[in-house]
Amino acid sequence: MDEFSYAQPNRVRIADLELNLRIDFSTKQISGTAAYDLDWIDQAATELVLDTRDLTINKVEAEVADGTWTPLQFALAPADKILGSKLTIQTPERPAKLRVTYTTSPQASGLQWLEASMTGGKRQPFMFSQSQQIHARSWVPLQDTPQVRFTHSAQVRAPADVMVLMSADNDPKKLRDGDYRFKMPQKIPSYLLAIAAGDLVFQPISARSGVWAEPGMAKKAAEEFADTERMIVTAEQLYGPYRWDRYDILVLPPSFPYGGMENPRLTFATPTVVVGDKSLVSLIAHELAHSWSGNLVTFATPKDGWLNEGFTSYVEGRLIEALYGAERAAQETVLGRNELAQEFQRIDPKLQVLSLKPGAVADPDGASSSTVYVKGAWFLQFLEQRFGRDHFDAFLRGYFDHYAFQSIPTTEFLRYTKANLLDKFPGKAIEKELEQWVYEPGIPDNAPQVRSRALTEVDTARAAWLDSGRLPSPRQTRRWNTQQWVHFIEGLPKTLKLEQLNRLDNAYKFTGTDNSEIAQRWYPLTVRSNYRQARPAIAEFLQRVGRRKLIMPVYEALVDSRDGLAFAKDIFAVAQPGYHPITTGSVQALIAQAQPAQKAQ
Ligand code: BES
Ligand code: ZN
């Protein structure tokens with residue numbers, strides 16, 4: 001059961017989706033038709049139930065004879081705040097082909113519309129989708145559950161000077177003409193359906209890989225992501241052929257609410273990782289890794305999120321190790337595990353398990369956490385340690401082949417692992433240990449540990465400064481990478497004296513940094529320490545960047561501080577028109593929650 005969808009996949013399944021859409025920037029709407037090939041499983045079924053959110057449904061028709069369509073009765077239920085509106089279509093004849101004519105809302109939760117003035121080049125407007133977790137239903141009526149996979153094709157019309165891309169066969173040489181056709185022969189679940197439109201140009205990385213971005217960003221991004229082909233080759237050596245043909249990266253405007261999204265053939269990425277030194281390219285390793293873990297073998301419901309994100313974080317680590325060495329991989333592992341330890345201090349034990357119980361989270365957008373990513377990866381690192389790399393690599397490759405293009409729950413993973421790992425190599429691990437990782441909170445005591453030499457050096461330097469007031473010398477810090485700076489700041493006390501913050505700023509120019517991984521950690525520290533000088537830079541940061549993970553810690557520190565709530569509200573009022581609906585929702589919820597507490601003081 002997928003509690004986040006109204007669909008009834010054991011009665012009927014969408015096998016193919018054919019979209020015919022028009023993108024209207026002036027009204028911020030997509031309109032057109034979605035036509036489906038249906039596989040009726042239950043021969044007594046009389047209804048087709050689809051997921052929708054904020055859609056206007058104009059008509060529903062079934063194909064009766066070749067090319068002849070007849071209207072069907074339908075009803076759109078009142079909207080549930082999280083799930084949207086159940087669309088029930090009367091289908092007494094169980095048609096093989098059905099189509100829905102519809103229009104999206106300008107507020108569609110899965111789309112962001114940017115005026116030309118809000119883009120880098122300021123020449124064309126921009127629109128992009130973010131369907132995961134359950135936002136595909138806000139731009140296409142469909143069975144919005146990962147348990148249904150379908151092929152898709154599309155014809156999309158847009159203003160002639162705007163380029164359109166999809167989670168499909170984008171042609172690097174395609175000229176802009178306002179009429180775009182797409183075909184996607186591989187079956188994907190709804191959360192991977194994607195579309196973007198804007199002033200987008202292509203810059204190749206290799207024969208099968210490249211960057212799409214606004215003209216001012218394309219070359220820079222292609223240089224930052226120059227190692228992508230090596231990442232693909234490495235992943236193929238480990239886990240078998242890349243099955244999706246091209247692998248391109250679309251660099252979005254800074255309002256993209258996530259770091260990356262593994263849309264098939266076309267990863268969506270935040271521009272905040274283009275920092276000039278390749279230090280944040282593990283994001284690409286991560287999204288590419290999803291081509292095996294997630295897109296090929298998919299979780300059955302968002303409650304099994306670790307099957308996508310934990311596996312992917314594990315594979316990401318393997319790619320980083322192969323390309324940049326074990327020390328760099330260790331740095332990322334240590335930083336992730338430190339964040340996990342912080343999270344465990346904060347969150348309910350029932351959210352510290354890999355396989356969530358039904359009802360554990362109300363909104364699946366909140367199901368993602370360090371537990372899912374870092375504990376999930378740690379579990380696989382534990383298995384790798386117990387069974388040895390050779391056996392474990394072969395096992396994972398077999399797993400990806402065995403379940404290719406399927407969706408599975410955690411119990412299926414456990415069954416497969418028992419049969420193909422535990423029973424095959426007896427004496428290495430027992431079922432109880434696996435169950436502890438999956439069903440118990442926290443981390444088992446015998447979990448493998450990792451150390452990073454470069455981060456230990458940072459610990460020593462930080463301790464020396466806090467002890468004696470002597471800052472690490474530029475000769476030393478010149479060689480520090482993003483991960484080391486992040487670690488330096490994360491290990492500082494919760495608050496510092498103004499004079500200490502001043503010295504750090506004078507030496508290292510944290511305030512105003514264009515490295516948002518540093519900004520994300522430095523600004524909350526300045527807020528907690530009431531270091532007012534940073535406020536203009538904070539305001540600039542929160543207005544420029546909309547990536548949720550980067551800006552939420554800053555807003556959280558602000559609403560917790562003595563007079564930061566008013567400042568946070570002021571900035572949010574200015575920044576909000578540029579934020580994605582997902583980011584807007586998170587900030588709004590935080591501010592609403594903060595208010596009563598402030599009043600009570
Ligand atoms: N699939 C996720 C993004 C996601 C998860 C969107 C859950 C909606 C709900 C993507 O692969 C991801 O994990 N992105 C990370 C980047 C990464 C390097 C850990 C992000 O956006 O921070
Ligand atoms: Zn991911």
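Both counts, for ligands and for their atoms, begin at 1 and track the order of listing. What you are looking at is a predicted structure, and each value in this text was computed from that prediction instead of being measured.
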**Prompt:** Is the ring centre of Phe400 less than 6.0 Å from the ring centre of Phe395?
**Reply:** no

**Item:** Partners meeting side chain to side chain contact (heavy atoms under 4.5 Å, CB included) with Gln203 (sequence neighbours left out)
**Value:** Ala218, Lys219, Ala222

**Message:** Nearest N/O/S atom of His290 with respect to the Zn ion (ligand 2), by atom name, please.
**Reply:** NE2

Put together the list of close N/O pairs, under 3.5 Å, between ligand 1 and the protein, could you?
| from | atom 1 | to | atom 2 | distance (Å) |
| --- | --- | --- | --- | --- |
| ligand 1 | 1 (N) | Gln132 | OE1 | 2.8 |
| ligand 1 | 1 (N) | Glu262 | OE1 | 2.7 |
| ligand 1 | 1 (N) | Glu262 | OE2 | 3.1 |
| ligand 1 | 1 (N) | Glu309 | OE2 | 2.9 |
| ligand 1 | 11 (O) | Glu262 | OE1 | 2.9 |
| ligand 1 | 11 (O) | His286 | NE2 | 3.3 |
| ligand 1 | 11 (O) | Glu287 | OE1 | 2.7 |
| ligand 1 | 11 (O) | Glu287 | OE2 | 3.2 |
| ligand 1 | 11 (O) | His290 | NE2 | 2.9 |
| ligand 1 | 13 (O) | His286 | NE2 | 3.0 |
| ligand 1 | 13 (O) | Glu309 | OE1 | 3.1 |
| ligand 1 | 13 (O) | Tyr373 | OH | 2.6 |
| ligand 1 | 14 (N) | Gly260 | O | 3.2 |
| ligand 1 | 14 (N) | Glu287 | OE2 | 3.3 |
| ligand 1 | 21 (O) | Gly259 | N | 2.6 |
| ligand 1 | 21 (O) | Gly260 | N | 3.3 |

**Prompt:** Does Glu540 have any side-chain hydrogen bond (donor to acceptor under 3.5 Å, both in side chains) partners at least two apart in sequence or in another chain, and if so, which?
**Reply:** Arg544

**Message:** Under the salt bridge (charged side-chain N to carboxylate O under 4.0 Å, His left out) definition, can you give me all pairs with a residue in residues 275-288, not counting sequence neighbours?
**Reply:** Asp227-Lys278

**Prompt:** Does Arg337 come within less than 4.0 Å of Glu343, counting only side-chain N to carboxylate O?
**Reply:** no

**Metal site the Zn ion (ligand 2): N/O/S of Glu309 inside 2.8 Å** = yes

**Request:** Examine Tyr523 together with Phe510 and report whether their ring centres are nearer than 6.0 Å.
**Result:** no

**Asked** Tell me, which N, O or S atom in His286 is closest to the Zn ion (ligand 2)?
**Response** NE2

**Asked** With a 4.5 Å limit on heavy-atom distance, are the side chains of Val353 and Ser355 in contact?
**Response** no

